[in-house]
Amino acid sequence: MPGELAVVLSGGGAKGAFQVGVLDELIVNRGVKIDIAVGTSTGAIQALAVAQDDVPKLVEFWSALRRNSDIFVRKPLGPAGAIFGADSLYEAKGLRRLLKRAADEPRLRATGKKLRLGVVNLGTGAFRTIDESVPGIHNWVYASCAMPVFFEPLLTRAADGTEEQWVDGGVRDVTPLDAALEFNPRGVIVIRTGPPPRPGQARTYPDLVQIGLRAVEILQSEVSANDLANATLINDLIAAREAQFRELQRIGVAGPGALAVLRPLDLQIARYRFAPIRVIEPETEVSGTLEFDPAKIQAGIAAGRRAVEQHWESIEPLLS
């Protein structure tokens, strides 16, 4: 329905604690009503909670984590397992159990909120969005979190019997804005998990796993930044069109004449979906992608709550 408010939640693993703090402050403390929740990777976990209208349970989910093994454990052979056909470095049974416990499909369908989760078919490379009506939603949240190489894919079977593997939607779309814009919302709040790239002190990464994780972080940050830049460009184009229209009126070109001048621009704008977008992101890194440390989780949640206060003036116009 046009006029609804959407939230888009990007990937980032354990850094998703920042999103939890933002959502808790927005929805629980300030009473903001979110109608559309779109998430990829760790953002899929948060999107499910928003769509279920159960952010307090989300805070409990994250606050109960005590160690990495609550989410995943290393497979016995580690990287060497690839030689013997292993499909991932880690086994994520802990995450899958937690997601099954957190998902409440009757509640999800009763809220009337829209849910979109991003996943990728590893075989075809196609990006797919999963909505609130799909059975076994906890499995699809897991699929959206299943970083290739690190976590095992979700296995399903197609109608023709073909086995399919599903992995992290961030492989194709780290910040799935298009899925939110399809609803023609009155506004979109994008909650990223990491700060924008900044020059900083160089550091080294000691092993294959750490190097791989860092490469994923860099790739996700770049793709997300490009997604947001494209959306911002469209919104800037709209603003420029309005400024041009006002200038035409000022110099005496109004009505059909002004519309004729603006027609080439309007035809281009009509090709795109757009809505006012507000981006909330942390100022600094709090944790690594797979670093589920209780102190860092709480620091991330606290940083998310503070970020809402800092951005409130820009968010408030989207609420009416």
Side-chain angles (χ1 to χ4, degrees), residues 1-10 22-23 25-27 30-40 43 47 50 112-114 116 118 127 129 172-192 194-198 220-283 307-320:
M1 174 185 307
E4 294 179 320
L5 183 61
V7 64
V8 173
L9 300 136
S10 70
V22 172
L23 293 170
E25 181 64 25
L26 280 175
I27 296 171
R30 297 180 184 250
V32 174
K33 182 178 181 292
I34 303 294
D35 307 290
I36 304 157
V38 181
T40 289
V50 172
K113 297 180 186 294
K114 301 175 180 68
R116 295 294 184 271
F127 182 86
T129 54
R172 291 291 302 268
D173 199 345
V174 178
T175 310
L177 272 166
D178 284 348
L181 293 175
E182 285 180 1
F183 293 103
N184 190 25
R186 72 172 184 271
V188 180
I189 301 173
V190 174
I191 311 174
R192 286 166 35 90
R198 297 187 183 97
Q220 288 184 334
S221 177
E222 180 67 18
V223 173
S224 181
N226 288 339
D227 289 344
L228 293 174
N230 290 338
T232 300
L233 177 61
I234 300 303
N235 284 305
D236 288 347
L237 187 61
I238 300 299
R241 190 267 185 203
E242 295 304 316
Q244 188 173 8
F245 181 70
R246 290 193 297 271
E247 180 62 16
L248 287 169
Q249 288 183 313
R250 189 189 68 80
I251 63 175
V253 181
L259 294 177
V261 171
L262 293 172
R263 181 171 172 73
L265 181 58
D266 287 340
L267 288 173
Q268 291 301 313
I269 290 173
R271 298 171 55 198
Y272 300 96
R273 298 186 181 97
F274 58 90
I277 296 170
R278 303 292 183 267
V279 179
I280 304 177
E281 58 193 2
E283 295 181 343
V308 174
E309 178 64 33
Q310 294 163 2
H311 290 82
W312 185 246
E313 188 174 339
S314 69
I315 294 170
E316 207 167 11
L318 300 182
L319 307 184
S320 58

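A quick note: this is a predicted structure, and the numbers were derived from the prediction, not measured. Excluded from the calculations below are hydrogen atoms, water molecules and symmetry mates; all remaining heavy atoms, backbone and side chain alike, are included.
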In residues 253-260, what donor-acceptor pairs under 3.5 Å come from side-chain atoms, sequence neighbours left out?
none

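Leu262 has its side chain within reach of Leu248: a pair of non-hydrogen atoms, C-beta onward, lies under 4.5 Å apart. Considering only heavy atoms from C-beta on, Val32 comes within 4.5 Å of Ile34 through its side chain. Using a 4.5 Å heavy-atom cutoff, the side chains of Ile280 and Ile315 are in contact. Within the 4.5 Å cutoff, side-chain heavy atoms of Glu4 are placed close to those of Lys114.
Judged as a side chain to side chain contact (heavy atoms under 4.5 Å, CB included), and not counting sequence neighbours, the contacts of Glu247 are Arg250, Ile251. In this structure, the salt bridge (Lys or Arg N to Asp or Glu O under 4.0 Å) partners of Glu309, at least two apart in sequence or on a different chain, are Arg30. In this structure Arg246 satisfies the salt bridge (Lys or Arg N to Asp or Glu O under 4.0 Å) test with no other residue, sequence neighbours excluded. Residues satisfying the side chain to side chain contact (heavy atoms under 4.5 Å, CB included) test with Ala6, not counting sequence neighbours, are Ile36, Ala180, Pro185, Val188.
Arg186 places a side-chain N or O within donor-acceptor distance of the main-chain N or O of Leu318, the cut-off being under 3.5 Å. Judged by distance alone, the side chain of Lys113 and the main-chain N or O of Ala37 form no donor-acceptor pair under 3.5 Å. With hydrogens and angles disregarded, a donor-acceptor distance shorter than 3.5 Å links the side chain of Arg278 to the backbone of Ser314.
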